[in-house]
Amino acid sequence: MEKKLITILVPAYNEQEVLNMLYDRLKKLMDENEKYDFEILLVNDGSKDDTLKIMQELRQKDKRVCYLNLSRNFGKETAMIAGLDYCKGDAVVIIDADLQDPPELIPEMLKYWEEGYDDVYAKRKSRKGETWLKKFTSTMYYKVLQAFTKIQIQKDTGDFRLLDRRCVEALKSIRESQRYTKGLFSWIGYNKKEILYDRDPRAAGKTKWNYKKLVDLSIDGITSFTTSPLRWSAILGIIVSIVGFIYMIYIIIKTIISGVEVPGYASTMVVILFLGGIQLVFLGVIGEYLGRAFYETKGRPLYFVDRYNEEKETNLKVKK
Ligand code: UDP
Ligand code: MG
């Protein structure tokens, strides 16, 4: 009987310190699980250090290692879809390069996959080596996101998960450029299974996340799954108009009865500033959606490939 192929997909950006460690852990795992064939697909997301060189050395040592070199840094979300496009496995496990996600969990994921689950995701019980501020913002973020969107987004779950081939095909068919993969995992549906784990601190190297990226990603998360901020602004607009209308009637009647009243600077300023502020905020909200539409209508490819293993290549089918 032919063995099933499992792809381990690793997006990596400036990870020269950890790649060898990661390979050692994965090698141990692959050697212990002879029931399956394995492929390690390393996606080099335009690293500026020796990451690519290390990937090439690993490939020379072990042909189960494949690597995909993108033409520049596109960000983790894009690196992941590039990896999904190129993976060959019957199931794919997405894992961070920095060993924050223990590869030792993979056999358990495989067990559930064999039981028929399509998406086995690992949920963090604890997060070592992360500041309380990061934990706090992350909790708040999930709350806000959940309030806005109707789809269930799994709390405390990263991209560490096993996906069946049909989930991979589903994700591949979604070609939006501002990807919020965490939401897409939920959006595609299929049988999901949660397993719990302790998130380790980074093995070495530095985190690539900063608060700007986090804010960007959270806005992408909201704007790519719901238009409810637009609805809310319309509702608030209606409420403010009604209040304004009532106040207008009141002022007109008051002026008719007791004549023109000159003072009123404070109240005028308050109204102008308040309404001006609200208008700017909602212009921003509209702009956010318009911006997304702008990017999507361009229909650019999501990424460009520099090489896949030994082959120099491009992901575009060149038409002559
Ligand atoms: N990563 C990537 N492209 C980027 C930034 C990050 O492929 O532009 C990869 C990175 O190499 C790692 C994973 O995404 O494998 C998670 O990144 P990181 O550990 O910096 O994030 P954190 O775990 O701190 O949230
Ligand atoms: Mg990390």
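In what follows, every heavy atom counts, from backbone to side chain, and hydrogens, waters and symmetry copies are set aside. Start at 1 and go down the list; that is how both ligands and their atoms are numbered.
- Side-chain contact check for Glu77 and Thr181: at least one donor-acceptor pair (N or O, by modelled atom type) lies under 3.5 Å.
- For the side chain to side chain contact (heavy atoms under 4.5 Å, CB included) test with Asn44, the passing option among Val10, Leu68, Thr51 is Thr51; the others fail.
- With respect to Arg64 and Asp31, a salt bridge is recorded, a charged nitrogen being found less than 4.0 Å from a carboxylate O.
- A salt bridge does not link Arg202 with Asp96: every distance from a Lys NZ or Arg NE/NH1/NH2 to an Asp or Glu carboxylate oxygen is 4.0 Å or more.
- Transitive grouping of hydrophobic side chains (ILVMFWY, heavy atoms separated by less than 4.5 Å) brings Leu105 and Tyr112 into a common cluster.
- The distance between the ring centers of Tyr308 and Tyr86 falls below 6.0 angstrom.
- Within the cation-pi definition used here (under 6.0 Å to the ring centroid, within 45° of the axis), Arg199 does not qualify as a partner of Tyr197.
- Listed as neighbours of ligand 1 are Pro11, Ala12, Tyr13, Glu15, Asp45, Asn73, Gly75, Lys76, Asp96, Ala97, Asp98, Gln100, Lys134, Arg199, Arg202, Thr207, Lys208, Trp209, each bearing a heavy atom under 4.0 Å from the ligand.
- Under a hydrophobic clustering in which Ile, Leu, Val, Met, Phe, Trp and Tyr are joined whenever their side-chain heavy atoms come within less than 4.5 Å, directly or via other members, Leu84 and Trp113 fall into different clusters.
- Around the Mg ion (ligand 2), the protein contributes the following N, O or S atoms at distances under 2.8 Å: Asp98 OD2, Gln100 OE1.
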| message | Does Glu39 form a side chain to side chain donor-acceptor pair (under 3.5 Å) with Thr7? I'd like the steps, not just the answer. | response | CA-CA 5 Å; Glu39 165 195 54; Thr7 300; 2.6 Å; yes
